[in-house]
Amino acid sequence: MRIRWIILLYVVLEIAAFAGLTAWLGFGWALLITLGAAVGGYAFLVARGRRVVADLGRAARNEIRPTEPLPDTALLGLSSVLVILPGIVTTVLGVVLMAGPVRRVARPVVTAFGAKRVAGLVSAVGTRTVFLGGDVIDGEVVDTTDGTPVFQRQLPPAH
């Protein structure tokens, strides 16, 4: 039921924005501005998407901390949905959400929301044990070879 209200609000908001643009500038200009915002939003989305993918690659190579591009990836996903939805209001909102200053403000919120969701999933999964079949063999793990400790390989620190 809640999703119906969100869709109804979206449709009413977009129709009101287009009607307001039409009354203010005329139908031709309103249509041109709406199409221009969509094309500009797609171009901005592609450019920002390339930067996020490049940041994910840098994190995979351990050049930056792996947690840095994650909030940007979530924001890019939300921005993509907003830009792809038809209408001037959602397109402008999606482009604004991809802008640098807004992303910097939204990162801590997205990180906190993501951490809360992951903690909830971990606690829900942690209460259950799933066996996929096979044999369980009791034993012990020996961490030494010939009486000398085995050192684990350490990854280089992230920059």
Side-chain angles (χ1 to χ4, degrees), residues 1-132 152-159:
M1 188 68 175
R2 186 173 166 179
I3 190 75
R4 289 182 184 167
W5 287 108
I6 292 172
I7 292 172
L8 180 66
L9 177 66
Y10 157 71
V11 169
V12 168
L13 188 64
E14 291 295 351
I15 289 173
F18 190 77
L21 272 177
T22 302
W24 185 39
L25 300 172
F27 179 76
W29 283 109
L31 187 61
L32 188 63
I33 289 171
T34 302
L35 292 174
V39 170
Y42 292 137
F44 195 59
L45 180 66
V46 168
R48 185 69 205 138
R50 285 186 182 141
R51 279 184 252 147
V52 167
V53 169
D55 286 346
L56 287 171
R58 290 177 47 215
R61 291 186 302 273
N62 219 14
E63 295 172 2
I64 61 173
R65 290 185 329 184
T67 56
E68 286 182 19
L70 293 179
D72 285 346
T73 304
L75 289 171
L76 179 68
L78 179 60
S79 297
S80 299
V81 170
L82 291 173
V83 167
I84 290 171
L85 284 173
I88 186 91
V89 175
T90 54
T91 301
V92 169
L93 188 61
V95 168
V96 166
L97 195 56
M98 284 188 280
V102 176
R103 269 194 345 269
R104 272 185 238 111
V105 170
R107 271 186 199 137
V109 175
V110 171
T111 303
F113 179 76
K116 184 178 178 182
R117 295 282 298 175
V118 168
L121 288 173
V122 167
S123 66
V125 171
T127 59
R128 295 185 214 94
T129 303
V130 177
F131 291 103
L132 300 176
Q152 294 180 353
R153 183 181 142 237
Q154 292 185 359
L155 296 175
H159 300 283

**Message:** Applying side-chain hydrogen bond (donor to acceptor under 3.5 Å, both in side chains), can you list everything that pairs with Arg61, at least two apart in sequence or on another chain?
**Reply:** Glu63
Please output the side-chain donor-acceptor pairs of residues 46-56 that fall under 3.5 Å, not counting sequence neighbours, one pair per line with the distance.
{"residue": "Arg48", "atom": "NH2", "partner": "Asp72", "partner atom": "OD2", "Å": "3.4"}
{"residue": "Asp55", "atom": "OD1", "partner": "Arg58", "partner atom": "NH1", "Å": "3.2"}

**Asked** Which pairs count as salt bridge (charged side-chain N to carboxylate O under 4.0 Å, His left out) when at least one residue sits in residues 73-99, sequence neighbours excluded?
**Response** none
**Request:** Would you give the length of the straight line joining atom CG of Leu93 to atom CE of Met98, rounded to the nearest 0.5 angstrom?
**Result:** 10.0 Å
**Item:** Contacts of Phe27 that satisfy ring pair (Phe, Tyr, Trp, His ring centres under 6.0 Å) - sequence neighbours left out
**Value:** Phe18
**Minimum-distance pair of heavy atoms, taken over all atoms of Val105 and Val109** = O-CG2, 4.3 Å
**Item:** Contacts of type side chain to side chain contact (heavy atoms under 4.5 Å, CB included), residue Pro101, not counting sequence neighbours
**Value:** Ala99, Arg104
**Complete:** The complete set of side-chain hydrogen bond (donor to acceptor under 3.5 Å, both in side chains) pairs with one or both residues in residues 8-32, sequence neighbours excluded, reads Glu14-Thr90
Acceptor/donor pairs from residues 73-88 side chains to any protein atom, 3.5 angstrom cut, sequence neighbours excluded:
{"residue": "Thr73", "atom": "OG1", "partner": "Pro69", "partner atom": "O", "Å": "2.8"}
{"residue": "Ser79", "atom": "OG", "partner": "Leu75", "partner atom": "O", "Å": "2.8"}
{"residue": "Ser79", "atom": "OG", "partner": "Gly94", "partner atom": "O", "Å": "3.4"}
{"residue": "Ser80", "atom": "OG", "partner": "Leu76", "partner atom": "O", "Å": "2.7"}

**Asked** Looking at residues at least two apart in the chain, or sitting in another chain, which of them share a side chain to side chain contact (heavy atoms under 4.5 Å, CB included) with Leu9?
**Response** none
Return a table of donor-acceptor pairs under 3.5 angstrom between the side chains of residues 30-43 and protein atoms on other chains or two or more places apart.
{"residue": "Thr34", "atom": "OG1", "partner": "Ala30", "partner atom": "O", "Å": "2.8"}

